[in-house]
Each structure stands twice: as C-alpha cells, then as structure tokens.
Amino acid sequence: MSIDEAQPAPGKSSPAAGWRADFMLGLWHILPLEVGLVPFGLLMGALAAQKGFGPVEMMLMSGTVFAGASQFVALDMWRDPIPMLTIVATTAMINLRHVMMGAAMQPAMGRFNRFQAPLALFLMADEIWAMAMRRAGRGRLTPAYYFGLATFFYLSWVFWTGLGTVVGAIIRDPARYGFDFAFTAVFLILIVGLWRGRRSIAPLAASAIVALAAHAWLPGVWYIVLGGAAGVLAAALSTPEPS
C-alpha cells in the first residue's frame with residue numbers, strides 16, 4: 001500500500017491523529033517540488049541583491065507577497081525612483097490567474113472553515129494549487145493536507161530567497177548552473193501530474209497557443225492572463241455536462 005492510499009482505520013484514531021496524518025502526507029507530497037524551489041529561490045535572492053536588497057528585506061517581501069513570478073517581475077522593474085504604480089499594476093495582472101485558480105479550488109474546500117479558507121488562499125501558489133487539485137480529484141482535500149503542502153513550501157521560499165541575497169555574489173551567471181531552467185522544470189512536472197488523458201489536451205493546447213500568440217503580439221504580461229483564461233474556457237467547453 002502506498003503512502004497516498006494509507007488512511008487511519010475507522011474508529012481507531014482521534015481527530016488530532018487524523019489531522020497529523022493528513023498534514024504529514026501533504027508535507028511528504030510537496031517534498032519533490034522543493035528540488036525546484038531551492039535554485040529558484042536562490043536565483044530570486046541573487047537578483048534582489050543586485051537591486052540592493054538584504055536578507056531581511058528579501059524575506060519580508062517573500063513572506064508578504066509569496067508569488068515567485070510577480071516577485072521576479074517586480075525586481076526586474078525595480079529602479080530609482082521606484083515606479084510603484086507600474087509595479088503594482090503589472091504584478092496584479094500576473095496574479096489575476098489566482099482568481100481562476102481559487103475559483104477552481106473552491107468546490108473542494110467544503111472542509112475549510114471561515115478562518116482556514118482565507119489563509120489557504122493567501123498560501124496558494126501554483127505548485128500548492130496543483131497538488132491540492134490533484135488530491136481533490138481523488139475525492140478528499142482536507143485543511144490538514146493543504147496546510148501540510150503549504151506551510152513548509154512557504155517557509156522554504158522565505159528562507160531560500162533570503163539566503164540567495166547572501167550567496168548572490170557567487171551566482172554571477174545562473175544559466176551556467178541551469179538555475180534559469182528550474183521554473184520551467186517545475187511546471188513541466190506539474191503538467192505531468194495533472195494529466196488526465198485525452199481530456200487534458202484541449203485545455204493545454206488552447207492555453208499554450210494563446211499564451212504564445214499573446215507573448216509575440218502583445219506588450220507586458222498579458223500572455224499569462226490570456227493563456228490561463230483560454231485553458232479554463234477550453235476545459236469548460238470540452239467537459240461533458242453531467243447526465
């Protein structure tokens with residue numbers, strides 16, 4: 001029996017034991033994605049150090065924003081004087097995908113109370129969302145499992161981005177070590193994990209085609225929003241209505 005199949009025997013475990021088991025299962029499932037998070041976080045911190053960020057500033061940014069793509073864009077635009085309105089507008093556009101992600105996850109959040117739900121949405125990142133949706137597809141997404149995914153991932157992101165500012169001087173050429181591919185590799189893993197056969201083809205194809213076209217023909221980061229919207233629309237149109 002795999003760890004994913006292991007469940008406490010009915011009547012033989014307390015609620016606390018069940019919570020602990022689900023939390024540890026989420027922690028176990030997110031560990032492989034930590035491989036991609038480490039170089040990604042170090043690269044983020046190294047780029048931040050070039051902009052004058054120290055460990056405390058970087059960890060504060062990661063802890064309050066917790067959105068890797070948005071942080072990369074913000075750092076790329078960071079200059080003196082800081083174009084605050086431009087940064088806010090651009091990063092808000094990038095994070096519009098979280099509205100769609102949250103809406104997709106909402107039906108599976110029936111076990112979350114009014115305090116857990118907003119915290120879960122704050123901690124939602126692409127990797128965490130993908131793993132949570134995979135779990136929900138198997139019939140059971142619990143707050144304990146979700147926070148097992150999210151807590152360690154969140155703390156790791158804060159730690160590694162902060163450390164990246166310290167070792168930034170060493171990582172002068174991230175591409176030389178393959179760090180620039182970490183982000184792409186993580187998302188390829190997520191796509192494979194969410195693959196559901198032929199019904200996954202239409203959303204993935206629509207998202208890729210629209211995102212590539214928008215990247216080629218539109219300025220800014222519209223390709224992220226439009227690609228995500230195209231994938232959601234394709235999934236809705238290609239899913240048969242329940243009889």
Side-chain angles (χ1 to χ4, degrees), residues 2-34 36-38 40-41 44 59-71 88 91-92 94-162 186-187 189-191 193-194 196 224-225 228-229 231-232 235-236:
S2 69
I3 187 172
D4 194 40
E5 296 169 339
Q7 300 293 342
K12 294 186 178 180
S13 62
S14 66
W19 175 281
R20 185 165 57 251
D22 267 5
F23 184 90
M24 294 305 296
L25 184 60
L27 179 61
W28 175 259
H29 284 174
I30 202 66
L31 281 178
L33 294 178
E34 290 287 325
L37 180 143
V38 173
F40 192 36
M44 172 76 73
M59 294 174 74
L60 181 62
M61 181 187 189
S62 293
T64 54
V65 178
F66 190 49
S70 297
Q71 289 178 247
V88 170
T91 54
I94 293 173
N95 282 339
L96 278 177
R97 74 190 190 280
H98 282 231
V99 175
M100 295 181 285
M101 291 161 59
M105 194 170 69
Q106 191 275 333
M109 296 179 68
R111 296 179 175 87
F112 290 69
N113 63 36
R114 61 176 180 169
F115 301 108
Q116 294 167 339
L119 179 59
L121 294 176
F122 170 75
L123 292 173
M124 185 174 64
D126 299 283
E127 297 87 345
I128 295 167
W129 176 85
M131 296 298 293
M133 291 299 291
R134 183 184 182 194
R135 182 69 171 174
R138 298 181 177 181
R140 186 170 180 254
L141 177 62
T142 63
Y145 178 82
Y146 185 91
F147 291 120
L149 293 174
T151 303
F152 184 61
F153 201 81
Y154 172 81
L155 294 176
S156 295
W157 178 248
V158 173
F159 172 78
W160 289 111
T161 54
V186 166
F187 278 89
I189 293 172
L190 295 179
I191 290 174
L194 290 173
R196 293 295 180 269
I224 297 176
V225 179
V232 170

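What you are looking at is a predicted structure, and each value in this text was computed from that prediction instead of being measured.
- With values rounded to the nearest 0.5 angstrom, Thr64 atom OG1 is found 7.5 Å from Gln71 atom CD.
- Residues passing the ring pair (Phe, Tyr, Trp, His ring centres under 6.0 Å) test with Tyr154, sequence neighbours excluded: Phe66.
- Legend: residues meeting ring pair (Phe, Tyr, Trp, His ring centres under 6.0 Å) with Phe159, ordered by chain and number and at least two apart, are absent.
- Shortest non-hydrogen contact noted between Met59 and Val158 is CG-O, 3.4 Å.
- Residues satisfying the side chain to side chain donor-acceptor pair (under 3.5 Å) test with Thr161, not counting sequence neighbours, are Ser62.
- Checked against side-chain contact (heavy atoms from CB on, under 4.5 Å), Leu155 has the following partners two or more places apart in sequence or in another chain: Thr151.
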Could you go through residues 98-124 and list every donor-acceptor pair under 3.5 Å that involves a side-chain atom there, pairing it with any protein atom two or more places apart or in another chain?
{"residue": "Asn113", "atom": "OD1", "partner": "Phe115", "partner atom": "N", "Å": "2.9"}
{"residue": "Asn113", "atom": "OD1", "partner": "Gln116", "partner atom": "N", "Å": "2.7"}
{"residue": "Gln116", "atom": "OE1", "partner": "Asn113", "partner atom": "N", "Å": "3.1"}

Could you give me the CA-CA distance, side-chain angles and deciding distance for Trp157 and Glu127, then say whether side chain to side chain contact (heavy atoms under 4.5 Å, CB included) is met?
CA-CA 12 Å; Trp157 178 248; Glu127 297 87 345; over 6 Å; no
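- Residues Tyr145 and Arg140 have side chains not in contact (no heavy-atom distance under 4.5 Å, counting atoms from C-beta outward).
- Scanning all heavy atoms of the two residues, the minimum distance from Gly26 to Leu149 falls at O-CD2, 3.2 Å.
- Proximity of Met131 to Leu33: side-chain heavy atoms (C-beta onward) are separated by under 4.5 Å at one or more points.
- Between Met44 and Gly68, the closest heavy-atom pair is CE-O, 3.3 Å.
- With contacts defined as side-chain heavy-atom distances shorter than 4.5 Å, the pair Trp160/Phe40 does not qualify.
- The shortest heavy-atom contact between Ala150 and Ile128 is CA-CD1, 3.6 Å.
- Listed by chain and residue number, Met84 satisfy the side-chain contact (heavy atoms from CB on, under 4.5 Å) test with Val88 (two or more places apart in sequence, or in another chain).
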